[in-house]
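Worksheet: the structure to be examined is printed underneath.
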Amino acid sequence: MLRIAIQKSGRLHDDSIGLLKDAGIGFSNGYGRLRTESYNFPVEIFFLRDDDIPEYVSDGVADIGIVGENIVLEKSKTVDTVTRLGFGKCRLCIAVPKNAEYNGVHSLQNRRIATSYPHILGQYLAKNDITATLHDISGSVEIAPSIGLADAICDLVSSGSTLLMNGLREVETILKSEALLIAAPGLSAEKMAILQQLTFRFDALLLAKKHKYILMNVPNDQIAHISGLLPGMRSPTIMPLAEAGWSSLHTVVAENEFWPIIEQLKAAGAEGILVTSIEKMIL
Ligand code: ATP
Ligand code: ZN
């Protein structure tokens, strides 16, 4: 049995549950439950505050956990990173009041900075030879400058709208974070085997998210040319259409490779181009 810690509620909760369910792990997550066992896979799930997950994992109370890299680095507990999970993306930024003068990190010298990330920020300032006074506050960091508590803040940002609303402007990014799958060092062979089965499934889901399945109708005399334009995993599948002289071409491409070639595909005579998402992908 592998014990996995995930966020009880908050920004990582739904994606963590979704990842486990998409990986075929069945469990009931009735509201307010603190732990639950899967009925079809040897895992037990603990629902915890995200801040506590690195400690539970490093102490071996949980074997693995899903938590933001920002929390893992801030808590600096001994845990192994198994996989980056591609959700919960945000950045840890320094922001100053929008009209404040700022000419680079040295502008922070002897300033007061409010943050919930004193450890990461302290390391960043030390690396840049800056001495500043850190105010460690646990929430609503963005109001600190307007109430006179600090000259700058260091906080998580995703779209930046909260900063804007509070009259702040982002001046430094000190970390780009996403959810990580972390594990306790030195898991038993039995637990490692379960973790490997789990990461195999997660990898299939993550790879699928980064790819698209594309289908298009192509004139037969353009098959070779169009196939050459496609950066697919392998050579495409070609199937004859009922209409003479035409074929249906299917392939898989990385999502970021698709848009740049669409115009060329159309110019080469491809029609009825369909792009669909892939649920799971195993190479
Ligand atoms: P908990 O009650 O579990 O302590 P919390 O309020 O500390 O929750 P959330 O706001 O739910 O935490 O954020 C959880 C994680 O989601 C963050 O640590 C971070 O990794 C990620 N995240 C993604 N985008 C953002 C964002 N815009 N602001 C804050 N966190 C974000
Ligand atoms: Zn938290």
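All ligand and atom numbering here is 1-based and tracks the order in the structure.
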Where on [X] is there a heavy atom closer than 4.0 Å to ligand 1, on the side chain, on the backbone, on both, or on neither?
{"X": "D50", "value": "both"}
{"X": "I71", "value": "side chain"}
{"X": "K89", "value": "backbone"}

Nearest heavy atom to atom 23 (C) of ligand 1: which of S138, G88, S116 does it belong to?
->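 Going through S138, G88, S116 one by one, G88 has the nearest heavy atom to atom 23 (C) of ligand 1.
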Which option, E74, Q7, E69, E178, owns the non-hydrogen atom nearest atom 8 (O) of ligand 1?
->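 Nearest option to atom 8 (O) of ligand 1, by heavy atoms: Q7.
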Heavy atom of the protein closest to [atom] (residue, atom name, distance):
{"atom": "atom 24 (N) of ligand 1", "value": "C90 CB, 3.4 Å"}
{"atom": "atom 18 (O) of ligand 1", "value": "N70 ND2, 2.8 Å"}
{"atom": "atom 29 (C) of ligand 1", "value": "R11 NH1, 3.2 Å"}
{"atom": "atom 30 (N) of ligand 1", "value": "L156 CD1, 3.3 Å"}

N/O of R49 under 3.5 Å from N/O of ligand 1, yes or no?
->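 So ligand 1 has an N or O lying under 3.5 Å from an N or O of R49.
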Can you find an N or O of S177 that's nearer than 3.5 Å to an N or O of ligand 1?
->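 S177 vs ligand 1: no N/O contact under 3.5 Å.
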Donor-acceptor contact present, side-chain T83 to main-chain L85, <3.5 Å |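 No: the side chain of T83 does not pair with the backbone of L85.
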Give a yes or no on whether a salt bridge exists between K266 and E271, defined as a side-chain N under 4.0 angstrom from a carboxylate O.
->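 Salt bridge: no.
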Please lay out, stage by stage, how I64 and L198 fare under the test side-chain contact (heavy atoms from CB on, under 4.5 Å).
-> CA-CA 11 Å; I64 63 172; L198 197 63; 3.6 Å; yes
For the Zn ion (ligand 2), which protein N/O/S atoms are closer than 2.8 Å?
->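 Those protein N, O or S atoms (cut-off: under 2.8 Å from the Zn ion (ligand 2)) are D50 OD1, D51 OD1.
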Output every pair passing salt bridge (Lys or Arg N to Asp or Glu O under 4.0 Å) with a member in residues 36-49, not counting sequence neighbours, ordered by first then second residue.
->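 Sorted result for residues 36-49: R35-E44, R49-D51.
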Protein heavy atoms: any of them under 4.0 Å from atom 6 (O) of ligand 1?
->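 Given the 4.0 Å limit, the answer for atom 6 (O) of ligand 1 is no, no protein heavy atom qualifies.
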